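Take a look at the structure below.
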Amino acid sequence: MKKNVVIGFLGTQLDSGKKRKWRPSVAVTQHGGFPVHRLELLHDRGWSRLANQVKQEIEDASPATEVFLQQVDLKDPWDFQEVYGSLFDFARGYGFDEDREEYFVHLTTGTHVAQICWFLLTESRHVPAKLVQTSPPRANETGILGAYNIVDLDLSRYNALQQRFDLVAEEYNALLKAGIETRNPRFNSLIERIELVATNSDAPLLLLGATGTGKSELAERIYELKLQRRRVKGRLVHVNCATLKGERAMSNLFGHRRGAFGSGTSDRRGLLREADGGVLFLDEINELGLDEQAMILHAVETGRFLPLGSDHEITSRFQLIAGANLDLGQLVSDGKFRPDLHARLNLWTFRLPSLTERREDIEPNIEFELNRAEKLLGTRVGFNADAYARYLDFATSPATLWPGNFRDLGASVQRLSTLAPRARITLALVEQEIEALQAQWAAAKTDPDGALLRDVLGEGAIELDPFDKVQLAYVIRICRESASLSAAGRTLFSASRAAKASQNDADRLRKYLARFSLSWADLGAN
């Protein structure tokens with residue numbers, strides 16, 4: 001049987017018995033249901049006489065209790081730093097033997113500062129003890145012992161509290177999963193890890209996964225979780241790094257001072273400054289140039305960055321979430337990604353599985369997309385029984401590859417909901433959708449130009465002549481790779497521009513795009 005050891009301060013007022021007969025350091029050793037085998041009584045040199053009196057009285061009243069006097073001199077018992085440091089040193093040098101002894105810290109005596117320090121040291125397990133609180137007898141009680149209460153700070157031992165913690169964790173997990181009752185064990189385990197990291201750490205997170213696996217949506221929900229847990233106060237700033245190209249990339253991210261790009265330009269705050277106090281989500285971070293990567297790393301590690309054209313750094317402390325659909329380790333090997341930034345991001349890396357790896361989650365995601373369509377359309381849409389069975393069989397079939405992952409699934413359900421007659425998705429409508437999906441995926445493999453044009457023009461791409469399809473697809477790709485309309489025009493008209501009286505390449509490109517009812521903003525370019 002383990003021996004009970006109580007550690008506590010001498011009560012310079014209460015243990016002197018000046019105001020009442022009840023003295024806590026004496027009373028704590030005399031409760032029959034709580035035998036105290038040893039009392040470690042901490043006292044200041046100036047109170048040695050009272051300490052010895054209390055020791056003698058305890059040994060007379062309770063011969064089974066040893067009393068060891070521990071001299072702890074404090075210049076100011078209300079100075080938190082001094083008290084905590086002294087108790088910390090005492091704990092380090094004590095030599096706890098948990099195999100043979102069970103320890104209790106007596107909180108009734110000592111200043112409020114001492115009580116707080118005892119709590120902190122006990123909660124952190126620097127002092128491996130439970131807490132014991134004693135109280136004097138009530139007016140209607142006989143005797144002078146009073147009562148005692150033991151508090152164990154190991155919260156896992158309190159079933160009701162643990163159940164509350166479990167419910168809160170379930171709520172956070174549901175938030176990260178957008179309320180979808182996911183069934184895939186691997187994904188559920190991933191969400192549990194993300195919840196623990198997001199609520200306990202401010203370190204950068206890296207979300208990996210193919211296009212359409214839900215990186216952006218998950219980043220938004222991580223931000224919401226951090227906001228609920230009061231780990232951030234600012235806003236979420238979402239940046240698609242694929243759109244940051246050319247000389248304006250630095251300005252977009254870090255801002256610039258007036259005149260940095262010649263006369264007429266005004267100050268620009270930059271996206272990093274907008275994220276101050278919040279979360280910066282850099283989607284497709286692998287698209288950033290090496291210079292931008294270096295500045296991002298500096299900002300993450302120091303909380304400071306230098307706007308273009310400025311001589312003074314700006315402070316912005318944000319939490320970083322990065323997204324990528326490529327292997328950053330391979331990009332490091334290829335010299336296309338900075339190894340120091342990769343090392344910083346690699347502390348917490350989470351790879352989101354594709355839809356084909358989560359086929360058991362397709363059914364609850366169909367229900368989620370139906371609910372989303374209801375909010376968009378203002379009407380609740382449902383499947384006929386035969387239509388639902390056919391669609392679910394197709395969606396979960398191993399032969400259905402879903403190359404766009406959840407993005408493809410969401411678009412498919414939205415089309416069905418929009419076209420559903422009388423808000424009911426019929427078998428005929430499902431068959432048409434399946435045929436359209438299969439044709440779309442087949443065309444993307446054999447006709448990349450057609451797939452690109454359908455992405456930009458929708459069904460209007462079908463009406464183009466073959467010559468226009470090839471030419472327009474090339475123009476769109478050049479535009480997406482260029483920093484501006486003018487830069488794209490210079491690339492596209494590099495041979496003929498010298499013979500033109502007016503070299504307004506941007507205007508020529510603008511007019512070409514207008515032939516197809518397109519503008520620069522429609523192309524997904526910078």
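Because the structure is predicted, anything quoted here is derived from the model rather than measured.
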Would you say CZ of F80 has more than 12 non-hydrogen atoms from neighbouring residues, nucleotides or ligands within 6.0 angstrom? yes
Between the main-chain N or O of R338 and the side-chain N or O of Q293, is there a donor-acceptor pair closer than 3.5 Å? yes
Could you measure the distance from the CD1 atom of I321 to the CD atom of E220? Nearest 0.5 Å is fine. 10.0 Å
Scan side-chain atoms only and decide if N405 and T213 contain a donor-acceptor pair under the 3.5 Å cut-off. no
Closest non-hydrogen atoms of S251 and L308, given as atom of the first, atom of the second and distance, are N-CD1, 3.8 Å
Can you check whether F337's main-chain N or O pairs, donor with acceptor, with N286's side chain at less than 3.5 Å? no
Parallel, tilted or perpendicular: which describes the rings of Y84 and F88, with under 30° parallel and over 60° perpendicular? parallel
Name the orientation class of the two ring planes belonging to F90 and Y94 (parallel below 30°, tilted from 30 to 60°, perpendicular beyond 60°). tilted
May I ask you to check whether over 12 heavy atoms, not counting those of E181, lie within 6.0 Å of atom CD? no
Aromatic ring pairing W441/F394, orientation class (parallel under 30°, perpendicular over 60°, tilted between): parallel
Note: V381 and A420 closest approach over all heavy atoms is CG1-CB, 3.8 Å
Heavy-atom closest contact (C479 atom, L509 atom, distance): SG-CD2, 3.9 Å
Just to verify, what does F281 make a ring-ring contact (aromatic ring centres under 6.0 Å, His included) with, not counting sequence neighbours? H238
How about Q330 and S333: does a side-chain donor come under 3.5 Å of a side-chain acceptor? no
